[in-house]
There are 2 protein chains.
Amino acid sequence: MTQTKTDPRILRTRKLIMDSFIELSGKKDFKDITVKDITNAAMINRATFYYHFEDIYDLLEKVLLEVLLINLDYHDYENSKLDEETFINLFKAITKFQQSLSYRCHRSYEETIARIIREQLEVIFYKMLVKEHPTIEENVLKGTAVMLSWGLYGASVEWRRTSKKMTTPEEYIKSVLPFIKNGIGFVSGNGK
Amino acid sequence: MTQTKTDPRILRTRKLIMDSFIELSGKKDFKDITVKDITNAAMINRATFYYHFEDIYDLLEKVLLEVLLINLDYHDYENSKLDEETFINLFKAITKFQQSLSYRCHRSYEETIARIIREQLEVIFYKMLVKEHPTIEENVLKGTAVMLSWGLYGASVEWRRTSKKMTTPEEYIKSVLPFIKNGIGFVSGNGK
DNA sequence: GCTGATTTGTCGTATATCCAACACATCGAT
DNA sequence: ATCGATGTGTTGGATATACGACAAATCAGC
């Protein structure tokens with residue numbers, strides 16, 4: 001499928017900025033990183049930074065989303081059904097993403113990370129639901145996607161908080177699947 | 001010492017072009033490399049290429065000079081005298097540079113390489129001569145620099161042609177030093 | 001709390017780079 | 001020799017990026 005072409009300068013400059021930010025994140029906590037640090041490391045002008053990003057928080061979100069998309073891209077689930085395997089894979093992707101972030105800087109923007117994960121999960125669930133249940137009302141599908149994304153994310157929080165050291169992500173998610181499936185069972189017309 | 005600042009875009013773009021050219025030179029002979037190849041590999045526009053370089057031959061020369069300058073920079077000889085050690089070091093630098101070029105693409109622009117080596121040697125010799133003999137006529141110093149640069153380069157050609165496999169550059173250059181020193185002996189006022 | 005240093009965010013202007021178009025040159029297959 | 005494909009070199013206009021200046025906000029030391 002054809003894609004609108006982006007000016008190569010934009011691609012290069014954004015990459016410079018994002019790569020510099022990621023590298024700095026390995027050295028300092030997010031709250032100690034300045035726009036000046038980033039523009040110096042990237043060797044670009046401050047005005048150029050602001051041409052591309054609203055501020056450093058905008059950059060953070062976009063970097064996190066880009067890194068997340070490596071693990072959690074709808075295209076990887078386009079041909080999947082909302083079944084046990086899919087939930088296991090999504091859960092593993094979330095936990096992998098969380099683990100891939102540098103421990104030191106993670107804590108400063110955990111809320112942003114959480115929101116980004118949930119939003120991406122919501123997008124994926126919604127698209128899968130639309131595909132499997134095209135005749136169901138959009139509001140219902142939206143609500144289901146919200147519930148599923150918060151639920152799965154919540155499971156990852158609990159896993160990290162209580163069970164990380166003794167169970168694998170795969171083992172953990174299986175224990176909460178029956179509840180999740182009941183929700184799915186409703187829209188599939190399956191009985192109690 | 002302060003240096004006029006170059007626009008970072010210029011630095012980046014030239015580096016993209018030169019790096020792409022060097023990488024392509026490792027894969028194809030020079031005569032098979034096109035401007036289109038380079039601009040594709042560098043992901044820059046053809047007009048931008050022509051903004052920086054007259055043509056592909058101009059690029060070749062500038063790349064070769066830049067690589068040569070890593071081995072043969074006047075700044076490394078600023079505090080040297082025109083003595084045996086200096087000649088040995090210069091000769092080793094020439095032969096090292098020649099060996100660092102990829103064998104396959106070397107043959108296509110050997111003349112350009114030769115000219116660049118001689119020109120750089122001439123610059124270095126001339127500056128050293130001016131420093132050691134400030135009162136001698138410029139024409140004489142120029143001529144001496146020309147003689148020395150052609151001579152040293154010629155020695156490297158002969159070494160590669162006849163003696164490369166059995167002598168080191170250092171051993172070889174020592175055998176031609178007495179002749180070279182006689183020339184130097186003239187401007188130093190030393191006897192026969 | 002004060003103060004100097006540093007960073008942020010923005011603006012007008014200049015420059016580097018991009019794009020598409022064009023005419024011409026070169027290349028490779030026939 | 002011919003012809004279609006490909007590459008070269010150039011141009012005008014558009015866009016992205018740089019620079020320096022400025023006012024305001026934030027930070028760190030006292």
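Note on naming: letters A, B, ... go to the chains in the order of the sequence lines (proteins, then strands), and numbering restarts at 1 for each one. Here the structure is a predicted model, which is why all the values come from computation and not from measurement.
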remark   = Note: chain A reaches DNA chain D at heavy-atom distances under 4.0 Å over the stretch, first to last nt, 5' to 3', of dT15(D) to dA21(D)
task = Sort and list the pairs that fulfil salt bridge (Lys or Arg N to Asp or Glu O under 4.0 Å) and have at least one residue in residues 37-50 of chain B, not counting sequence neighbours.
result = Lys28(B)-Asp37(B)
Once you round it to whole Å, what is the distance between [atom2] of [N] and [atom1] of [X]?
X        : N       : atom1 : atom2 : value
Tyr51(B) : dA14(C) : OH    : P     : 15 Å
Lys5(B)  : dT15(C) : NZ    : C1'   : 14 Å
Lys31(B) : dC27(C) : NZ    : C1'   : 13 Å

Non-hydrogen atoms of [X] and [Y] that approach each other most closely:
X         : Y         : result
Thr34(B)  : Ile56(B)  : C-CD1, 4.2 Å
Trp159(B) : Thr167(B) : NE1-O, 3.1 Å
Glu61(A)  : Thr112(A) : CG-CG2, 3.6 Å
Asp58(A)  : Glu54(A)  : OD2-N, 2.9 Å
Ala41(B)  : Ser20(B)  : C-OG, 3.6 Å

inquiry  = Between Glu138(A) and Lys142(A), does the salt bridge (Lys or Arg N to Asp or Glu O under 4.0 Å) criterion hold? Intermediate values first, please.
reply    = CA-CA 6 Å; Glu138(A) 186 182 323; Lys142(A) 269 287 191 187; 5.9 Å; no
query = Should Thr48(B) be listed as having a side-chain N or O under 4.0 Å from OP1 or OP2 of dC18(C)?
reply = yes
Short heteroatom pairs, N/O only, protein and nucleotides 9-11 of chain C, under 3.5 Å:
from, atom 1, to, atom 2, distance (Å)
dG9(C), OP2, Tyr50(A), OH, 2.5
dG9(C), N7, Arg46(A), NE, 3.0
dG9(C), O6, Arg46(A), NH2, 2.5

ask   = Tell me, which pairs form a side-chain hydrogen bond (donor to acceptor under 3.5 Å, both in side chains) where one or both residues lie in residues 65-81 of chain B, sequence neighbours left out?
value = Asp73(B)-His75(B)
inquiry  = Would Arg14(B) and Phe53(B) count as a cation-pi pair here, with the cationic atom under 6.0 angstrom from the ring centre and within 45° of the axis?
reply    = yes
Neighbour count above 12 (heavy atom, 6.0 Å) for Lys174(B) NZ = no
message = Counting only heavy atoms and a strict 4.0 angstrom limit, can you tell me which residues of residues 7-22 of chain A come near DNA chain C?
response = Asp7(A), Pro8(A), Arg9(A), Arg12(A)
inquiry  = Determine whether Glu23(B) and Lys27(B) satisfy the following criterion, salt bridge (Lys or Arg N to Asp or Glu O under 4.0 Å), listing intermediate values before the conclusion.
reply    = CA-CA 7 Å; Glu23(B) 187 174 328; Lys27(B) 295 169 180 169; 3.5 Å; yes
ask   = With under 30° as parallel and over 60° as perpendicular, where do the rings of Tyr57(B) and Phe30(B) fit, or are they tilted in between?
value = perpendicular
note = The bend of the helix from dG1(C)-dC30(D) to dT30(C)-dA1(D), taken between the axes of its five terminal pairs at each end and rounded to 10°, is 60°
request  = Would you check if the side chain of Ser175(B) reaches a backbone N or O of Glu171(B) as a donor-acceptor pair within less than 3.5 Å?
outcome  = no
